[in-house]
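Worksheet for the structure shown next.
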Amino acid sequence: MTGERTSAIVRAISRMRDQLHEPLTLIDIAQTEHFSPFHFHRVFREITTVTPARFLAALRMAEARRLLVHSQLTVAEVSTEVGYRSTGTFTTQFTRLVGIPPERFRRVARALPDRPVASLLLAARSVLRPQQWARVLVRPENCDPQTLLFVHCRPVRGDRTQHHNWTSGTGQVLLPIDTLPFPGEYQAQVIAIAPSATPTEALVNHAAGSYLVGTARFRSPLHGPSNRQVTVPLRQPLSIDPPPLSVAPVRLLADLANRFAPAKITPNTAHAHF
């Protein structure tokens with residue numbers, strides 16, 4: 001039964017991807033798989049960890065990000081392409097889920113370096129040296145030393161649209177104490193960009209094989225230092241995974257590239273912990 005339900009949700013997500021430009025409703029999608037809206041909503045959230053509406057919005061924003069980078073369409077035209085009748089509503093939703101307005105995302109993402117991550121890391125090795133101490137150490141499992149890692153840590157019951165509390169590094173990543181504002185249960189999310197992939201392939205195109213993902217829950221220590229290690233298994237993204245949307249990794253990589261460009265500019269670290 002679980003396999004059948006998962007297959008139904010995969011088909012529903014495939015329909016979402018194929019019809020992003022249409023005004024899909026929960027009832028439309030549920031009826032396709034012969035679910036009642038209530039049952040579909042419950043099963044969808046159980047399998048994907050997010051609601052159907054949130055997943056559809058994530059797919060729309062991911063496609064909007066791609067169009068902003070690779071096309072000359074205006075924001076209004078992109079809005080229409082991904083199913084929004086109101087440019088204002090689209091801009092508000094994009095800003096909430098991605099972290100900055102569409103036009104600013106276009107500028108930041110187009111500043112990404114067009115070269116493999118491994119070559120970028122070679123130049124930035126001293127900047128990405130891992131910290132020596134933190135209350136919690138997030139250690140991705142089976143990770144290539146030349147992989148570029150991004151980690152986001154948020155309270156399990158917190159806002160899923162947070163765009164701060166990101167850190168980056170290679171091989172191992174420490175979550176500094178200032179990313180854990182209070183004791184309790186947290187979720188660490190890892191994005192690992194393959195050494196041979198370019199930042200755009202992984203963070204904008206979501207190209208197959210360009211990145212791995214992983215999540216793990218843990219409890220923040222109550223008091224004092226602990227150097228607790230949290231192991232996060234990494235895997236290929238699945239069709240039931242919402243695409244990563246936050247601008248933070250894009251901005252961090254664009255800023256890192258600017259640091260090592262021939263004409264250096266002052267980087268905006270966007271709460272980075274290099």
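None of these values were measured; they are calculated from a predicted model.
Here Glu63 pairs with Arg66 in a salt bridge; the nearest charged N to carboxylate O distance falls below 4.0 Å. A salt bridge between Glu46 and Arg5 is present, with a side-chain N of the basic residue lying under 4.0 Å from a carboxylate O of the acidic one.
In this structure the side chain of Val138 never reaches within 4.5 angstrom of the side chain of Thr167, judged on heavy atoms. Annotation: side chain of Val75 is not in contact with side chain of Val78 (no heavy-atom distance under 4.5 Å). Annotation: side chain of Asp114 is not in contact with side chain of Thr200 (no heavy-atom distance under 4.5 Å). Between Cys143 and Leu149, some side-chain heavy-atom pair lies under the 4.5 Å cut-off. Side-chain contact check for Val69 versus Arg106: every heavy-atom pair is 4.5 Å or farther apart.
Applying the ring pair (Phe, Tyr, Trp, His ring centres under 6.0 Å) rule to pairs touching residues 95-118 yields Phe94-Phe105, sequence neighbours excluded.
Closest heavy-atom contact between Ser86 and Ser79: O-OG, 3.7 Å. When all heavy atoms are compared, the tightest approach of Pro244 to His206 is O-CE1, 3.5 Å. In plain terms, the two heavy atoms of Ala194 and Gly209 that are nearest each other are CB-O, 3.9 Å. Between Met16 and Pro52, the shortest heavy-atom contact is CE-O, 3.9 Å. Leu59 and Arg17 get closest at one heavy-atom pair: CD2-NH1, 3.4 Å. Leu97 approaches Ala57 most closely through the heavy-atom pair CD1-CB, 3.9 Å.
To the nearest 0.5 Å, atom CD1 of residue Ile240 and atom CD1 of residue Ile47 are 7.0 Å apart.
The local environment of CG in Asp18 is crowded, with over 12 non-hydrogen atoms from other residues, nucleotides or ligands closer than 6.0 Å. Remark: Ile27 CD1 is loosely packed, at most 12 non-hydrogen atoms of other residues, nucleotides or ligands lying under 6.0 Å away. Enclosure of atom CD in Gln236 by more than 12 non-hydrogen atoms of other residues, nucleotides or ligands within 6.0 angstrom is indicated.
In this pair, Trp166 and His152 present their aromatic rings parallel. The plane angle is below 30°, not in the 30 to 60° band.
Put simply, the residue from Ile191, Val190, Leu148, Thr147 that forms a side chain to side chain contact (heavy atoms under 4.5 Å, CB included) with Tyr211 is Ile191.
Side chain of Asn205 to backbone of Ala207: no donor-acceptor contact under 3.5 angstrom is found. Ser14 contributes no side-chain N or O that, together with a main-chain N or O of Val10, makes up a donor-acceptor pair within less than 3.5 Å.
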